[in-house]
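Basis for what follows: all heavy atoms, side chains included, without hydrogens, waters or symmetry-related copies. Every number for a ligand or one of its atoms is a count from 1 in the order of the listing. Numbering starts at 1 and runs along the sequence shown. Remember, it's a predicted structure, so these values are computed and weren't measured experimentally.
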Amino acid sequence: LKYFSNLLGAVYRQGNLNFSKDGNAVVSPVGNRVSVFDLKNNTSETLPISTTKNITCVGLSPDGNLAVVVDEDGAALLVSLITRAILHHFHFHKPVNSIRFSPDGRKFVVTKENVALMYHAPGKQREFNAFVLDKSYYGPYDETTCIDWTDDSKCFVVGSKDMSTWVYGAQRWANLIYYSLGGHKDVIVGCFFEKDSLDLYTVSQDGTLCVWESDTELDGLVLKKSRDKPKPVRQGDEEEDIEEERIEGEEGEVIRGKAETPKEKNVRYRQKSRHFFNKEGDFNNLTAAAYHKPTHILVTGFASGIFHLHELPEFNLIHSLSISDQRISSVAINSSGDWIGFGCSGMGQLLVWEWQSESYVFKQQGHFNNMAALAYSPDGQYIVTGGDDGKVKVWNTNSGLCFVTFTEHTSSVTNVTFTSSGFVIVSASLDGTVRAFDLHRYRNFRTFTSPRPAQFSCLSVDVSGELVSAGAQDSFEIFLWSMQTGRLLEVLGGHEGPVSCLCFSPVQSILASASWDRTIRLWDMLDSWQVKETLPLTSDGMSVTYRPDGQELAVATLNGEISFWNPHTATQTGSVSGRHDLEMGRKETDKITAKQSAKGKSFKSLCYSADGESILAGGQSKFVCIYNVKEQMLMKKFEISCNLSFDAMEEFLDRRKMTEFGSLDLVDEGAGDGDGVNISLPGVRKGDMSSRHFKPEIRVSSLRFSPTGRSWAATTTEGLLVYSLDGSLVFDPYDLDLDVTPASIRKQLRLQEWASAIVLAFRLNEKALKQEVLETVPHDQIPVVCGSLPDIYVEKLLGFVAACLEKSGHLQFYMTWAQNLLMLHGQKLKNRFTFVMSILPTLQALQKSIKRHFDDLSKLCDFNMYNIRYAEALSKQRGVKRAAEEDKDEEEEEDEELSEEMSEPK
Ligand SMILES: *[C@@H]1O[C@H](CO)[C@@H](O)[C@H](O)[C@H]1NC(C)=O
Ligand SMILES: *[C@@H]1O[C@H](CO)[C@@H](O)[C@H](O)[C@H]1NC(C)=O
Ligand SMILES: *[C@@H]1O[C@H](CO)[C@@H](O)[C@H](O)[C@H]1NC(C)=O
Ligand SMILES: *[C@@H]1O[C@H](CO)[C@@H](O)[C@H](O)[C@H]1NC(C)=O
Ligand SMILES: *[C@@H]1O[C@H](CO)[C@@H](O)[C@H](O)[C@H]1NC(C)=O
Ligand SMILES: *[C@@H]1O[C@H](CO)[C@@H](O)[C@H](O)[C@H]1NC(C)=O
Ligand SMILES: *[C@@H]1O[C@H](CO)[C@@H](O)[C@H](O)[C@H]1NC(C)=O
Ligand SMILES: CC(=O)N[C@H]1CO[C@H](CO)[C@@H](O)[C@@H]1O
C-alpha cells in the first residue's frame, strides 16, 4: 500500500497563515493541501487531506483540535488535527473570505459575500451535521473581508470592501445589535478589538488606521429581556433559509431592535484618532494585518514586501523591514507574540521572523515555476530538485525542509543528479552550462560549457562520478566532460534530432542516449566512444533508463509506449502500451474528447524499482503508473492531483461552460483575429505563456524511487510529492500455517525458543507482534539467535530492524541486532549477487537511520564535551579565587558564591 506522505517544494500559496496552539508550528495552505511546519523540531508535515480547488482560508479552533478548511468555491472540510482525518464535508456555495472561531470555542463566523454567518462550532463527537447555522448578519453592501472577536466572545467585528466596519453582538444584547463605523476611504484589511474591551482598531488598504473608543465596557452589555420575546433562533444551512433570514434580519431584527430600546443607552463609538502609515508610494497598498492583543503590537504587510511593527494605541513605529519584493498576502503572530509569520503568494514564500532578535526563524520558498527534475542522494537523506526558475534546491527528506538553494543558473534547469559520493550535485540547464555543486562548502565548484553555446536538455553522470555528459536540444550533439579537470573530453555527433535523455549504464562504461530522431544509441567508452548499437524506435524517444543491474533498457516513446530492450543483443524484449493508462483529462480549450486527446500523450520519465521488477512511469498526465516488467502489466495507477484549478483535469466538458460559440474558455473577448481561438500545438508542454488564460497543465516531469526503497517522489506542477510504501498496513503472510497464531508465538517465547518465535512472528507479519518478540529476546542471546536464523528471514529481519531503528529509543539493542545479522550473514549475502540487488534498499535504509542517529549523537557529545570543559575551567577559576578569598576571611560572600555555583548549567 502506498500513501501520500509529504509535499515538498511548496510552502505557501494563498490564504491565511496561523500558528498552532502551542505557538511552535505554522499552519500554511499550499494549493489544495495544508502543511504544518514545526519550527522547533525543524520538521514539516502535509495533512493527508485535499480540497478540489485552492484553499483560501483555514480556521483553527482555540483548543487547536479542529480546522475548517475552505477552498475557492466555498467547499469546506472539517478536519481533526489530532487524527488528521476529515470529519465532515460542507459547502458554503460561495467563496469565503475569512473564518474565525470565537475564543470560547463555541461559535465560528465566516464572511461570505456581504454577510457574516455565525455557526455553532462542531462538537467533539461526530455529528450528523457538524455545521449548524446560528445567525446571519447583514449590513455591509460589499464583500466582507475580516473578522475579530472580543476576548469574552460576546461580540465580533467584521470589515467590508465597502469601507465600513460592523460591530455585531454574538448574543441578543439590548444595547448592541449592530454598530456601523465609517471613516475609511478604502477597503478594510483588518479590524481588531483591544484586549478585554470593546475599543477597536480598523486598518484600510490605503494605509489608514482608525482608533475607536466605545463608551461602554464589555460587562456593560445587557441581555435582552425575555419579555421581548426573541424570535425563534433560526437554524439550517439551506440557501432559502438564509434568504429568508436576510429579509427578516434587515427589516425586522435590526431595525426593531433599535426602536425597542428607548430607555436603554445604546453602545456608541467615537473616533479617537486616525493615523497614516508611511507607505512609500501611492501604489503600495496595505495588504495584510495582524494584531497581538497582550503586547499591543500591530503588524502590517504591504504590496511592496515591506512590513511595519507598531505599538498601539500610540502608533509608535517599532520596526520596519523589507522581506520580499512581492506582496505580503498574509500575516500571523504566535501566541506569545515573539514570532511573526509572513506569506507571499507571488513567490510562494513563507517566512517567520523573530522581531525581538530581528532574525529569521524560518525562511523557505518553493520553486517559483514548475520543477523539472529531481534526484535522491545515494543514502536517501536528501532530494535535489531543479526548476524552471533556474534554481537548484536541496531538501532534507526527514524534515521536508530545503536547506540550500543554488542560484547560479540563469535559465530553466533540465536535469539534476547526485554523484555516487553523495556530496556533489550536477545540474544541466538551458542557459548553456552544466554545473557541479559541493555540498560540503555549498558552492559551485565547476562549470562545464560547450565550445558553441548549446541548450542542454539532458544530463547523466557515470557511476564513478568522473564522467559528465549532457545532450543538446539545438545542435543534436552530446558533450562529455571530466569532473576532475573540467575539460571537454568528447563531442558525440550522430543523432539527427534533439537529444531528449541520457543514461549511463550502472555496470559498464556505456552511455545510452534517446533522441527525437527515433533512435536510441549506445556509445561505448572502451571503443573510443563509437556507437556500439543503434536501437530503432517506432516513434520519437522521450526517455531511456537502465535497470539497476544494467541488463535491460526501458525506453518511453512519443506514442505512449514503453519498450524493453536487451542492451547486449540490441533486441526488443517486450513492450507496454501506456496510452490507455494515461487517460488524459480534457483541457478546457480542447475541441476533442478526452479519449481523442490521449493521442499524442506519452510518458516522460521512467524509473526502475531497486529490484528491477517494476517500473514507475509518468508524463503529461495526472496519473503515475507502476508496471510489472516481467508480466508487462499495469500494477497500480496513482492520481497525483485532484485539484480542479489545474487545466486538463476535467475529463468531460462542463456543460454549463458551453455556449453556442463553443466552450467559454475558448471565446476570447475582443480578439478579432480569425476565430479568436488558440489551440496549443501538439507536444507543446507549457502552454502559451502570453495567452490570456494561462492555467498550468498538470504533468509529471520527473520520478524517482528512493534508494531505501521505502518511498518514491515525483516532481509535478503541484510541487514535489513524496509517496511512502508502508508494509505495516498490508496483511501479507509469507506462508501461513494453521498453528501460527499470536498465542502460539507467545508460547514459544515462554519456552525461550527465540528463533522459532521470530520465524512465526514474521510469518504472521504483524508489526506489533514482531516488535514484541524481538524486544523479548535477551540482549546476550542476540548473537545465538541471529546465528540460528534461516537465510530467508535474515533479510526480512534486517528490514524490520532498520525500520525500528528509525523510531525506537532502544538504540543499542537494535544496533546489536543489525551488527550481529550483518557479521554472521554478510559473507553469505555477498556471495549471491542477485540477492544483494534485492537487499540493497534494506541496507540503505539501515545506513540512513544509523547515519541520522550518528549525527544526532555526535552533536550531543560535542555539546557535552564543551560543557564539561566549561565546568572544569570554571571550577579551576573558582578554586583560585576562593583561595584568595579565604585569606580575606569573607564568609558571607563565599556562601553566596557556593549557591551560585550550584545553579550553574550541568
Ligand atoms: C512563540 O514563539 C516563541 C519564539 O521565541 C517561542 O519560544 C514560543 O514557544 C512560541 N509559542 C508560544 C506559545 O509562546
Ligand atoms: C517536537 O519535539 C518535542 C520535544 O522534543 C516533542 O515533544 C514533539 O512531539 C515534537 N513534535 C513533533 C511534531 O515531532
Ligand atoms: C532547527 O533549525 C534552527 C535554525 O536552523 C536551529 O537553530 C535549531 O537548532 C534546529 N532545531 C533542531 C531541533 O534541529
Ligand atoms: C491555484 O493554484 C495554482 C498553482 O499555484 C495557481 O497557478 C492557480 O492560479 C491557482 N488558482 C487560482 C484561481 O488562484
Ligand atoms: C489562529 O489559531 C488559534 C488557535 O490556535 C485561533 O484561536 C485563532 O482564532 C486563529 N487566528 C486566526 C486569525 O485564524
Ligand atoms: C491598490 O488599491 C487600489 C484601490 O483599491 C487599486 O485600484 C489598486 O490597483 C491597488 N494597487 C495595487 C498595486 O494593488
Ligand atoms: C537525469 O539524470 C539521471 C541521473 O544521471 C539520469 O538517469 C536520467 O536519465 C537523466 N534524465 C534526463 C532526461 O536526462
Ligand atoms: C473532485 C475530486 O476529484 N476530488 C478529490 C480531491 O482529492 C481528494 C483526496 O486526494 C479526493 O478524495 C477527492 O475525491
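In terms of N/O distances under 3.5 Å, ligand 7 is not approached by Val416. No N or O atom of Cys501 sits closer than 3.5 Å to an N or O atom of ligand 7. Ligand 7 has no N or O atom lying under 3.5 Å from any N or O atom of Arg704, backbone or side chain.
Numbered from 1 in the order shown, with element, the atoms of ligand 5 that lie under 4.0 Å from a heavy atom of Asn18 read 1 (C), 2 (O), 3 (C), 8 (C), 10 (C), 11 (N), 12 (C), 14 (O).
Contact annotation for Leu502 and ligand 7: only backbone heavy atoms (N, CA, C, O) come within less than 4.0 Å of the ligand. Looking at Ser61 against ligand 5, only its backbone comes within 4.0 Å, counting heavy atoms. Contact annotation: for Leu60 versus ligand 5, heavy atoms closer than 4.0 Å belong to both the backbone and the side chain. The residue Ser457 has no part lying near ligand 7, judged by heavy-atom distances below 4.0 Å. At a heavy-atom distance under 4.0 Å, only backbone atoms of Leu459 (N, CA, C or O) approach ligand 7.
Between Phe108 and Tyr119, the ring-plane angle classifies as parallel under the 30° and 60° cut-offs. Taking the six-membered ring where the residue is Trp, His495 and Trp523 present perpendicular rings, their angle passing 60° and hence far from 30°. Ring pair Trp481/Phe479 is parallel by interplanar angle, where below 30° counts as parallel and above 60° as perpendicular.
In this structure, Ala375 falls outside the shell of residues with a heavy atom less than 4.0 angstrom from ligand 7.
Enumerated by chain and number, the residues approaching ligand 1 to less than 4.0 Å through a heavy atom are Asp22, Gly23, Asn24, Lys40, Asn334, Ser335, Ser336, Asp338, Trp339, Glu354.
A salt bridge links Arg100 with Asp148; the closest basic N to acidic carboxylate O contact falls under 4.0 Å.
Taking NZ from Lys293 and CZ from Phe192, the interatomic distance works out to 9.0 Å, rounded to the nearest 0.5 Å. In this structure, CD1 in Ile333 is found 12.0 Å from CG in Leu17, a value given to the nearest 0.5 Å.
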Checking Thr414 against Ser457 for the side chain to side chain donor-acceptor pair (under 3.5 Å) test, could you report, in this order, the C-alpha distance in whole Å, the side-chain angles of both residues, the deciding distance, and whether it holds? CA-CA 6 Å; Thr414 50; Ser457 55; over 6 Å; no
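Minimum interatomic distance between Gly301 and Val331 (heavy atoms only, all atoms of both residues): N-CG2, 4.3 Å. Among all heavy-atom pairs drawn from Ala372 and Val413, the shortest one is CB-O, 3.2 Å.
Of the residues listed (Phe37, Trp353, Trp339), the one engaging Phe362 in a ring-ring contact (aromatic ring centres under 6.0 Å, His included) is Phe37, and it is the only one.
Considering only residues two or more places apart in sequence or on other chains, Asp152 meets the salt bridge (Lys or Arg N to Asp or Glu O under 4.0 Å) condition with Lys154.
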